[in-house]
Amino acid sequence: MGLNLVMLGPPGAGKGTQADAFARERGIPRISTGDMLREAVHAGTPIGLAARERMDAGLLVSDDVMIAIVDERLDRPDTRAGFVLDGFPRTVTQAEALDRMIDGRSPLMVLEIVVPTDVLVRRVRGRRVCDRCGANAKPGDASFCPSCGGPFVQRSDDSEDVVRERLRIYERDTRPLVAYYRSRPTFRALDGDRPPDVVARAIREAVAAAADAAREAGRPS
Ligand code: AMP
């Protein structure tokens, strides 16, 4: 049975870090639409060129483009044992498309990572990412990435005014996904305002509980 997981949460909730660790642990791909778009921008592809301005302004890239990118990615065989989606879906239209894409696969598990706004703004303002491989700098890291040697920089969309815009867009366009998913037995919300290892443990427990609920729901009554 594949482990098909969506991590929901505002910018700075720790989705990327947690999705990355969880996916490694389970040996399934982490699919970060933000990373895919940043790679497209870096490579100067047509999608990257079209997305750049919206990303820099903290706005969402169009549903059509995002759905096509994820549809193509989920078609690859490495997703058959499962995947962790980080940054997708971000709108109800994307969530509906995702349900269609995974029709016939294991049910989607959805985790919402909840963090107060003031903590998010503080975290994102202080965040540094590797300009080469995209890894997040950890507390105590020097100015260069320990895994690839690239320089740590601030993401162009992590400045305070863009962060506030991204949070506003999250509330308006992405928060409604909680209502979309909440009634499913495989939905869980968890407190992300705790140390990363504590959140990681809570994620493991939530996934185990959601998997039980999914099995229960799939059992004939
Ligand atoms: P992230 O790294 O997930 O914070 O994404 C960075 C930026 O990429 C976002 O602020 C959006 O501009 C764009 N983006 C990433 N994923 C999506 C998505 N699913 N729908 C629309 N825009 C997206």
Side-chain angles (χ1 to χ4, degrees), residues 4-23 29-43 45-74 83-102 108 110-113 115 117 119-121 123-137 152-178 180-181 192:
N4 302 334
L5 180 65
V6 166
M7 288 226 191
L8 272 185
K15 286 188 312 293
T17 308
Q18 295 293 347
D20 190 47
F22 186 83
R30 164 193 173 217
I31 301 174
S32 156
T33 45
D35 281 357
M36 289 163 94
L37 289 173
R38 280 184 287 277
E39 275 160 30
V41 168
H42 208 72
T45 66
I47 285 181
L49 291 174
R52 181 177 199 151
E53 218 171 292
R54 296 194 66 78
M55 293 171 75
D56 280 344
L59 302 172
L60 295 185
V61 174
S62 77
D63 285 335
D64 288 354
V65 168
M66 298 315 302
I67 290 167
I69 290 177
V70 173
D71 197 20
E72 189 273 331
R73 181 65 188 86
L74 290 181
F83 53 80
V84 182
L85 271 172
D86 160 14
F88 184 96
R90 263 178 154 99
T91 64
V92 171
T93 304
Q94 293 179 14
E96 288 167 348
L98 178 61
D99 279 338
R100 288 193 293 274
M101 285 176 219
I102 66 152
L108 209 54
V110 181
L111 297 187
E112 185 201 9
I113 307 186
V115 177
T117 305
V119 177
L120 295 172
V121 173
R123 278 191 191 172
V124 174
R125 267 196 335 223
R127 174 157 79 179
R128 294 285 177 281
V129 295
C130 174
D131 201 24
R132 201 175 296 161
C133 74
N136 278 324
F152 282 128
V153 295
Q154 185 178 51
R155 254 169 62 172
S156 53
D157 57 351
D158 273 352
S159 62
E160 173 137 9
D161 50 342
V162 179
V163 170
R164 292 205 180 271
E165 178 66 2
R166 288 163 66 205
L167 289 171
R168 196 181 66 77
I169 301 281
Y170 184 84
E171 286 304 318
R172 194 190 66 188
D173 296 335
T174 310
R175 174 84 64 200
L177 289 183
V178 174
Y180 182 80
Y181 287 125

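Remember, it's 1-based here, ligands and their atoms both numbered in the order they're listed.
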Practice task
Return a yes/no value for Gly87: is any of its N or O atoms, backbone included, closer than 3.5 angstrom to an N or O of ligand 1?
Solution key: yes
Practice task
Pull out every atom of ligand 1 sitting under 4.0 Å from any heavy atom of Leu59, numbered as shown with elements.
Solution key: 11 (C), 12 (O)
Exercise for the section: For the pair Glu112 and Arg175, find out whether any cationic side-chain nitrogen is under 4.0 Å from an anionic carboxylate oxygen. Expected result: yes
Handout entry: Sub-4.0 Å atoms of ligand 1 with respect to non-hydrogen atoms of Arg38
Key = 2 (O), 6 (C)
Handout entry: Numbered atoms of ligand 1 (with element) below 4.0 Å of Thr33, judged on heavy atoms
Key = 15 (C), 16 (N), 17 (C), 19 (N)
Handout entry: Validation row: Val115, Arg123 side chains within 4.5 angstrom (heavy atoms)
Key = yes
Exercise for the section: Measure the spacing between CZ of Arg38 and CZ of Arg52 and express it to the nearest 0.5 Å. Expected result: 12.5 Å
Fill in the blank from the handout: Heavy-atom proximity to atom 1 (P) of ligand 1 ranks first, among Glu165, Met55, Lys15, Arg90, for Arg90
Completion exercise
Nearest heavy atom to atom 21 (C) of ligand 1, choosing from Leu98, Asp86, Val124, Val61, belongs to Val61
Problem - Note: Arg164-Asp161 ion pair, threshold 4.0 Å (strictly below) - result: no
Exercise for the section: Salt-bridge test for Glu165 and Arg168: reply yes if a basic N is under 4.0 Å from a carboxylate O, no otherwise. Expected result: yes
Problem - Any side-chain donor near an acceptor of the partner, Ser156 and Asp56, under 3.5 Å - result: yes
Handout entry: Under 4.0 Å to a heavy atom of Gln94 - the qualifying atoms of ligand 1, by number
Key = 18 (C), 19 (N), 20 (N), 21 (C)
Handout entry: Which segment of Leu37 sits under 4.0 Å of ligand 1 when only heavy atoms are counted
Key = side chain
Problem - Arg128 and Asp158 ion-paired at < 4.0 Å - result: no
Completion exercise
In ligand 1, the atoms that come under 4.0 Å of a heavy atom of Arg155 are 1 (P), 2 (O), 4 (O), 6 (C)
Practice task
Give the residue and atom name of whichever protein heavy atom lies nearest to atom 10 (O) of ligand 1, and the separation in Å to one decimal.
Solution key: Arg166 NE, 4.0 Å
